[in-house]
Amino acid sequence: SLLEQLNSNEANLINRRLVENAMTLLKNDSNIVPIKGLAKLNLASVSIGSSKETVFQKTLSNYAEITHYQIPKNPSQDQITTLIDSLSNHNLVIIGIHGTNRSPRKKFGITSETMELVKNLNSAHSCVVSLFANPYSLGLYREFENVNGLVMSYENTPLAQEYSAQLIFGGISAKGKLPVSGSAKFPSGSGLSTFKTRFKYSIPVDEGFNMNKLNYVDSIVLNGIEEKAYPGCQVLIARRGNIIYNKSFGHHTYEKKRVVKSTDLYDLASITKVTASVPNLMNMCQKGGLNLDYNLCDYLDYVDSTEYLNMNIRRMLAHNAGLVSWIPFYNKTMSRGQLKYDVYSTAYSTTYPIKVSDGLYIKKEYSDSIRHWITNHGIHKIKDYRYSDLGYYFYKDIIEKYAKTSLDVISDSLFYKPLGASRLTYNPLEKFSKDVIVPTENDMNFRKNLVHGTVHDPGAAMLGGVAGHAGLFSNANDLAKLFQMYLNNGKYGGERYIDSSIVADVTRTQFSDEDNRRGAGFDKPSTSDYGPTCSCVSYSSFGHSGFTGTLVWADPEKEIVYVFLSNRVYPDAENKKLIRMNIRTDIMQVIYDALENELQ
């Protein structure tokens, strides 16, 4: 009767808090629950008693790359054998026991075949079990006492499944205690406490948002689609480490053949600067391999006889070192509008090993040609603010020289995989189907086809899709993880990635006395009307936008992460409606306006 007196948002909030607080962690291997060390894990989940992917499994996928399996609670021997064989390469298996009931006489719907399967899986793997059943079921089977992690989830509702998955990864903390004695091993009052370390997937009212005001985000986005500013997009909003809005709109293209899903990947364009180059540079600073106040010549020998000799790293990051905005390198490989036959090939070979786009490969030595074209190009007056991609060609070389491996490999190893951001990646076609990658421009000037699954930026394409300034693809969810790590001063998931003092240094304005708003790589709010944000954000906030129609922004004061991903360049990069309509910043304004009547 109390819930009936409340509006639906408040009722939903109370229901969620009841379920969240009930979750009970009964056993714990500290390396597994909440799960740490994602980089070392090959994860699988098994839903017993379900024929299709469960809410539990879908929620698990928000946190890491997980292979999902389903099996009946009375499986045949062939089904068991097939499952065990499929799990052979996995070192941690998360098991959900579904298909339960309330009848003690029927053992709450848990079969002996189910428990025999749990026993077999636990003998071969580290296992975490989430038991969606009555707590008295704990006394029926000894197998529950032997698993590495056990979550008492009580009931097989979607909300219980959702929160159980979040507890396992540290999205919520374990607070609940057993209200009854399930067995001698699990007496009343049992339950371990854990801390929240990763994103919680919550609702707006839980984080102080006025839902009626926040609904205007949908209106702005849908109007942009109606006006053909972009065919579709993803929008994510997180506050205090909790994702309260993660929606997908529209289609991959205006032909409306494929609806945008939250798992789809967008070309991040220049957001790559602060999601690949900058975190790696911060890592180098942390380990003593880089000083931002040193010059290019301190790290790269090939600049020694050029004008770039004493170009300062920090000034380059703040776009304040005199570099030109960009150089159309591809023009140097064309003649009369056509690609030179001795530079490109339509087939891969040892002579043409670098993939530019589908059916187009370039000679390896053209990466050296790009360096030559940059270092032989003039520079502008030092301290003359001019946004430029060129510095990031140098950063790629600096990072790869230090790491002794390629930028994509080191980024994945140090950041993306440990964060559980498997969809934050270079060259997505090497890992994902083209169906989940959103196309960009129908490029009739350079590649002469639709750019789909390979990087939109021509310079990055000539480097095989891996560059310091462009090349990364992501969905909103995984991009937000990296920015939440920044917002947490270098920590996420119980692990420290970057020292907090280094995060503070690069996210501050570098040369404010020279009328330059930029951080070291990061963009910052502008005092004029032409910046990337609304006037509502704090001056401590930081982020970056991308040419393809993307934006990510973090505000430490309000603890907000905001992500907007679109392909506004489809099918033509001359479409500037997203910018003219001010869509990304209008959404940002709504986010802050919706905090006006904040819950205490």
Side-chain angles (χ1 to χ4, degrees), residues 217-237 245-256 258-275 325-326 387 389 423-424 428 436-443 450-461 467 469-480 483 523 530-534 543-553 561-591:
V217 171
D218 295 41
S219 301
I220 295 169
V221 169
L222 293 172
N223 183 56
I225 293 173
E226 179 83 14
E227 294 295 324
K228 294 193 173 181
Y230 42 85
C233 67
Q234 295 172 358
V235 181
L236 181 146
I237 305 163
Y245 184 108
N246 186 12
K247 291 187 180 183
S248 301
F249 299 86
H251 297 79
H252 283 207
T253 68
Y254 294 113
E255 290 73 25
K256 299 184 178 181
R258 192 171 298 279
V259 173
V260 177
K261 297 180 180 179
S262 63
T263 50
D264 290 340
L265 307 179
Y266 280 88
D267 185 329
L268 299 182
S270 283
I271 289 177
T272 301
K273 293 180 172 75
V274 294
T275 49
S325 295
W326 76 299
Y387 182 81
D389 288 340
R423 289 179 179 266
L424 182 54
V436 304
I437 305 169
V438 181
T440 52
E441 184 180 6
N442 189 14
D443 178 12
L450 176 65
V451 181
H452 189 184
T454 55
V455 62
H456 176 264
D457 181 86
H469 67 289
L472 275 177
F473 289 70
S474 186
N475 65 340
N477 184 68
D478 280 4
L479 176 59
F483 265 72
D523 203 355
Y530 301 104
T533 69
C534 61
H544 215 284
S545 59
F547 183 81
T548 50
T550 58
L551 177 74
V552 58
W553 208 264
V561 173
Y562 160 49
V563 180
F564 180 94
L565 303 181
S566 79
N567 57 331
R568 68 101 191 157
V569 295
Y570 178 87
D572 186 352
E574 294 304 310
N575 179 9
K576 302 291 199 304
K577 288 182 180 179
L578 173 70
I579 300 164
R580 289 199 300 268
M581 294 172 68
N582 216 33
I583 289 169
R584 290 172 290 187
T585 50
D586 283 352
I587 292 172
M588 189 181 290
Q589 183 68 58
V590 168
I591 294 169

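Keep in mind that what you see is a predicted model, and the values were worked out from it rather than measured. Each residue takes its place number in the sequence, starting with 1.
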Measure the NE2-NZ distance between H251 and K256 for me, rounded to the nearest 0.5 Å.
6.0 Å
Check ring pair (Phe, Tyr, Trp, His ring centres under 6.0 Å) between F483 and all other residues, then give those that pass, not counting sequence neighbours.
Y486
Show, in sequence, the C-alpha distance, side-chain angles and deciding distance for L265 and R423, and conclude whether the side-chain contact (heavy atoms from CB on, under 4.5 Å) test is met.
CA-CA 7 Å; L265 307 179; R423 289 179 179 266; 3.5 Å; yes
Heavy atoms, side chains only, cut-off 4.5 Å: are D572 and N442 in contact?
no
List the atom of R584, the atom of Y562, and the distance in Å for their closest heavy-atom pair.
O-OH, 2.8 Å
Please find the pair of heavy atoms, one from S270 and one from S545, that lie closest to each other, and give the distance.
CB-O, 3.6 Å
Step by step, would you call Y266 with V563 a side-chain contact (heavy atoms from CB on, under 4.5 Å)?
CA-CA 12 Å; Y266 280 88; V563 180; over 6 Å; no
Determine whether L450 and D443 make a side-chain contact, defined as any pair of heavy atoms from C-beta on separated by less than 4.5 Å.
no
Of all the heavy-atom pairs spanning G224 and M581, show the shortest one and how long it is.
CA-CE, 4.2 Å
State whether a side-chain donor-acceptor pair under 3.5 Å links D218 with Y245.
yes
Measure the shortest side-chain to side-chain distance between F547 and R568 over non-hydrogen atoms and say whether it is less than 4.5 angstrom.
yes
Roughly how far, to the nearest 0.5 Å, is CD1 of I271 from CZ of F473?
12.5 Å
For S248 and S262, indicate whether the former's side chain and the latter's backbone hold a donor-acceptor pair under 3.5 Å.
yes
Sequence neighbours excluded, which residues qualify as ring pair (Phe, Tyr, Trp, His ring centres under 6.0 Å) partners of F249?
none
Would you call D264 and R258 a salt bridge, using N to O less than 4.0 angstrom?
no
Mind listing the closest non-hydrogen atom pair of W553 and P532 along with its distance?
CH2-CG, 3.6 Å
Got I583 and V221 here, is their nearest side-chain heavy-atom distance under 4.5 Å?
no
Say whether, by atom type as modelled, one donor and one acceptor occur between the side chain of D457 and the main chain of A470 under 3.5 angstrom.
no
Short side-chain to backbone donor-acceptor contact, H544 and L551, under 3.5 Å:
no
Looking at D478, is its backbone amide N or carbonyl O close enough to the side chain of N475 to form a donor-acceptor pair, meaning the two atoms are under 3.5 Å apart?
yes
Got a second to check how far D586's CG is from I591's CD1, nearest 0.5 Å?
11.0 Å
Atom NZ in K576, atom CG in L578: separation rounded to 0.5 Å?
11.0 Å
Looking only at heavy atoms, which two atoms of S474 and L268 are closest? And how far apart?
CB-CD1, 3.8 Å
Does any non-hydrogen side-chain atom of P439 lie less than 4.5 Å from one of H252?
yes
Filter on side chain to side chain donor-acceptor pair (under 3.5 Å), then keep only pairs touching residues 219-236, sequence neighbours left out; what's left?
none
Any side-chain heavy atom of V217 sitting closer than 4.5 Å to one from V235?
yes
In sequence, state the C-alpha distance, the side-chain angles, and the governing distance for T454 and V451, and then conclude on side-chain contact (heavy atoms from CB on, under 4.5 Å).
CA-CA 6 Å; T454 55; V451 181; 3.7 Å; yes
Intermediate values then yes/no, side-chain contact (heavy atoms from CB on, under 4.5 Å), T550 and V552
CA-CA 7 Å; T550 58; V552 58; over 6 Å; no
Any donor-acceptor pair under 3.5 Å from D267 side chain to A269 backbone:
yes
Side chain N575, main chain V569, donor-acceptor under 3.5 Å:
no
Give the minimum heavy-atom separation between T440 and Y570, together with the two atoms involved.
O-CD1, 3.0 Å
Rounded to the nearest 0.5 Å, the CG atom of N567 sits from the NE2 atom of H452 at a distance of 9.5 Å
